[in-house]
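Remarks on the structure that follows.
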Protein chains: 2
Amino acid sequence: MLKEDSFSVTQDCSDCPIRHRAVCARCESDELERLEDIKYYRRFEAGQTVIWSGDRMDFVGSVVSGIATLTQTMEDGRTQMVGLLLPSDFVGRPGRNTAAYDVVATTDMVMCCFRKAPFEDLMERTPHIAQRLLQMTLDELDAAREWMLVLGRKTAREKIASLLSIIARRDASLNFGGLDGPVTFDLPLTREAMADYLGLTLETVSRQVSALRKDGIITLEGKRHITVPDMSLLLEEAGDDTDGGMLV
Amino acid sequence: MLKEDSFSVTQDCSDCPIRHRAVCARCESDELERLEDIKYYRRFEAGQTVIWSGDRMDFVGSVVSGIATLTQTMEDGRTQMVGLLLPSDFVGRPGRNTAAYDVVATTDMVMCCFRKAPFEDLMERTPHIAQRLLQMTLDELDAAREWMLVLGRKTAREKIASLLSIIARRDASLNFGGLDGPVTFDLPLTREAMADYLGLTLETVSRQVSALRKDGIITLEGKRHITVPDMSLLLEEAGDDTDGGMLV
DNA sequence: GTCCGGTCTTGATCTGTGTCAAAGCTGACT
DNA sequence: AGTCAGCTTTGACACAGATCAAGACCGGAC
């Protein structure tokens, strides 16, 4: 279950600042009005595991700001990140989930609760929203499968390039920036988190990031601020000339 | 698009031999009757790619017999299998799919076509079936995420053990067999296909299968017929003591 | 300022898996 | 029966990435 004391309601949803891909009081007001249910913000603080593997999800929500990760763990402690939650991403599903949600940076979410179970409501009362939910789930499935290719077949350098291009793309689309000129963004993950995502060690991540810098594919300011002079070069490094959307 | 000449209608669905997890004329007759649409068998022959990456899926169906795989490919030819279709599995989704479906062994499917687009029909006319579709998609997503852990963090030996235990479990559940005593099954995949699934080379697969045999975890008759004397030993090798369901 | 913990980089070495190569097996076809 | 092609096994070696270890950097607490 959600640990009730790990977050707090901060404000009403009415000034939701960004467009959400899922359900959101601002952007989908006409659809959600009819649900007549509660919409509100919740804030999750960094460093917490807010949903545990095996928890039942009794809500739907959309990320407004911050970043969280979805992680699978083995008994001996090995972990694999299986998803990244960035602003505009949707959270929530019927039944139990199998991965743990860890908050990396303070994250605000728009939560939508329902009088009945959220998913019964969604399916019965608003089939068109249910259809969107299905579409988003399928998108996540596609993303997971593309990531399987990254994990199974790409080299360390290609993996790093893949991750950077995903984050760059996500960032650009949120800020309505283009991918033609240089792209600049802040890396929201530590080297260790990147390693967890890519099935590598943090040392290898560090080395490969340095290598990409030496080769002029990326520029670093500090540890986290990255500029990509030419996205097509990065995509080439990723072994990924299709510039179609990848990942979550 | 489905290559229309790559399969043929063989018989009516009325004698559908197995229970399907998805939609099936026999098992869900009351639900599907109301759709008043065509249900029929189609046979796909081994060695074909029947659906290509980027194809639009204009049908839903369920595997009756045979085996097919879902594969992602890079431009340089590296491939990663991202899903396995075994009897009782469901196929079909709105929109385009990103992976190619390859038929490994002659596969019969129950196809359900609709007067309108299949997924509009599903969502609008039968929300309870739509809900099942969502649930199945989520199950696939869970499976994909568990597989990401396998690909990213497990050793070759653990990967082999994971794959074998998945197939053993699927096989046992289809044949209503238990997992307590010895489990026997036929490996439906070549060493190369196993390697594609596991992000390994076929040589490594061969070596690790031999190693598991030498260590008494499995017994081989011929190349493909496998007996697992004690499933718990195999699960331990997989680094996977939870005997919960994995993968597709 | 100094200390300190967390993060990141770099180096040296080790090892698991890939690569290349050769040969064994098995079933299908003539 | 022989032969052939596809699949599989096994060996020798190479190399990418892991592991172990030492420091560098950087921001916050005091």
Side-chain angles (χ1 to χ4, degrees), chain A residues 46-47 67 69 74 76-80 102 104-105 150-164 186-215 218-226 237-239, chain B residues 46-47 67 69 74 76-80 102 104-106 150-164 186-215 218-226 237 239:
Chain A
I67 178 169
T69 63
M74 290 173 67
D76 63 6
R78 278 178 282 177
T79 62
Q80 174 65 50
D102 297 306
V104 174
V150 173
L151 290 174
R153 291 300 181 197
K154 290 196 177 179
T155 65
R157 171 183 264 243
E158 290 170 330
K159 286 178 174 181
I160 300 286
S162 298
L163 179 56
L164 292 182
D186 278 309
L187 203 50
L189 302 171
T190 66
R191 298 288 186 264
E192 186 179 21
M194 292 172 71
D196 267 355
Y197 207 177
L198 297 166
L200 298 170
T201 59
L202 82 178
E203 294 95 331
T204 299
V205 170
S206 180
R207 276 185 248 272
Q208 297 297 337
V209 170
S210 298
L212 287 176
R213 178 170 46 71
K214 284 202 192 80
D215 295 347
I218 61 173
T219 308
L220 283 180
E221 267 173 78
K223 309 292 183 188
R224 301 286 195 88
H225 195 74
I226 292 185
E237 291 294 338
Chain B
I67 178 168
T69 63
M74 290 173 67
D76 62 8
R78 279 178 280 178
T79 62
Q80 174 66 49
D102 298 307
V104 173
T106 305
V150 172
L151 290 174
R153 292 299 180 196
K154 290 196 178 179
T155 65
R157 171 183 264 243
E158 289 170 330
K159 286 178 175 179
I160 300 287
S162 298
L163 179 57
L164 293 182
D186 279 310
L187 203 50
L189 302 171
T190 65
R191 299 287 185 263
E192 186 179 20
M194 292 172 70
D196 268 355
Y197 208 178
L198 297 167
L200 299 170
T201 59
L202 82 178
E203 294 95 331
T204 299
V205 170
S206 179
R207 277 186 247 273
Q208 296 298 337
V209 169
S210 298
L212 287 176
R213 178 170 46 71
K214 285 204 191 78
D215 296 348
I218 61 174
T219 308
L220 283 180
E221 267 174 79
K223 309 292 184 190
R224 301 287 195 87
H225 195 74
I226 292 185
E237 290 293 336

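Because only heavy atoms are used, hydrogens play no part in the values below, and waters and symmetry mates are left out as well, while side chains stay in. Here is how names work: the chains are called A, B, and so on, in the same order as the sequence lines, proteins then strands, and each is numbered from 1.
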Legend entry - Spacing of A/Lys214 atom NZ and A/Gln208 atom CD [to the nearest 0.5 Å]: 10.0 Å
Inset, instruction - List the steps, then state whether salt bridge (charged side-chain N to carboxylate O under 4.0 Å, His left out) holds for B/Asp76 with A/Arg153. - result: CA-CA 11 Å; B/Asp76 62 8; A/Arg153 291 300 181 197; over 6 Å; no
So which protein N/O to nucleotides 20-26 of chain D N/O distances come out below 3.5 Å?
{"from": "D/dC20", "atom 1": "N4", "to": "A/Glu203", "atom 2": "OE2", "distance (Å)": "3.2"}

Inset, instruction - Indicate yes or no for a side-chain donor-acceptor contact from B/Lys154 to the backbone of B/Lys159 under 3.5 Å, with no hydrogens or angles considered. - result: no
Inset, instruction - Provide, to the nearest angstrom, the distance between the CG atom belonging to B/Leu189 and the C1' atom belonging to D/dC7. - result: 14 Å
Legend entry - B/Arg78 and B/Asp196 ion-paired at < 4.0 Å: no
Inset, instruction - Whole angstrom is fine here: how far is it from CG in B/Leu200 over to P in D/dA16? - result: 18 Å
Legend entry - Interatomic distance, B/Tyr197 atom OH to B/Leu151 atom CG [nearest 0.5 angstrom]: 9.0 Å
Legend entry - Between D/dG17 (C1') and A/Leu198 (CG): distance, integer Å: 13 Å
Inset, instruction - Report yes or no: does B/Glu158 contribute a side-chain atom to a donor-acceptor pair with the main-chain N or O of B/Glu237 at less than 3.5 Å? - result: no
Inset, instruction - Looking at every strand, decide which applies to B/Arg157 at a 4.0 Å heavy-atom threshold: base, sugar-phosphate, or nothing. - result: nothing
Legend entry - Rounded distance (Å) that lies between atom P of D/dC7 and atom NE2 of B/His225: 21 Å
Inset, instruction - Look up atom OG1 in B/Thr155 and atom CD1 in B/Ile160, then write down how far apart they are to the nearest 0.5 Å. - result: 9.5 Å
Legend entry - Divergence of helical axes at both termini of the helix from C/dG1-D/dC30 to C/dT30-D/dA1 - five pairs an end, 10° steps: 30°
Inset, instruction - Find the distance between CZ (A/Arg157) and CG (A/Leu212) and round it off to the nearest 0.5 Å. - result: 5.0 Å
Legend entry - Whichever of A/Arg153 and A/Ser210 has its nearest DNA chain C nucleotide further upstream toward 5': A/Ser210
Inset, instruction - Quickly work out the B/Arg191 CZ to D/dT9 P distance and round it to whole Å. - result: 4 Å
Inset, instruction - Give A/Thr201 one of three labels, base, sugar-phosphate or nothing, depending on what nucleic acid heavy atoms sit under 4.0 Å from its own. - result: base
Inset, instruction - Mark yes or no for whether B/Thr204, through its side chain, and B/Leu200, through its backbone, hold a donor-acceptor pair below 3.5 Å. - result: no
Legend entry - Nucleotides bounding contact with chain B, strand DNA chain C, heavy-atom threshold 4.0 Å: C/dT17 to C/dC20
Legend entry - Distance, rounded to the nearest Å, where B/Met194 contributes CE and D/dC7 contributes P: 15 Å
Legend entry - Nearest-angstrom distance from the residue atom CD of A/Gln208 to C1' of D/dA18: 13 Å
Inset, instruction - Check whether any side-chain N or O of A/Ser210 sits under 3.5 Å from a backbone N or O of A/Ser206 as a donor-acceptor pair, and report yes or no. - result: yes
Legend entry - Under 3.5 Å donor-acceptor, B/Glu221 side chain and B/Ile226 backbone: no
Inset, instruction - Pick base, sugar-phosphate or nothing for A/Ser206, based on heavy-atom distances below 4.0 Å to the nucleic acid. - result: base
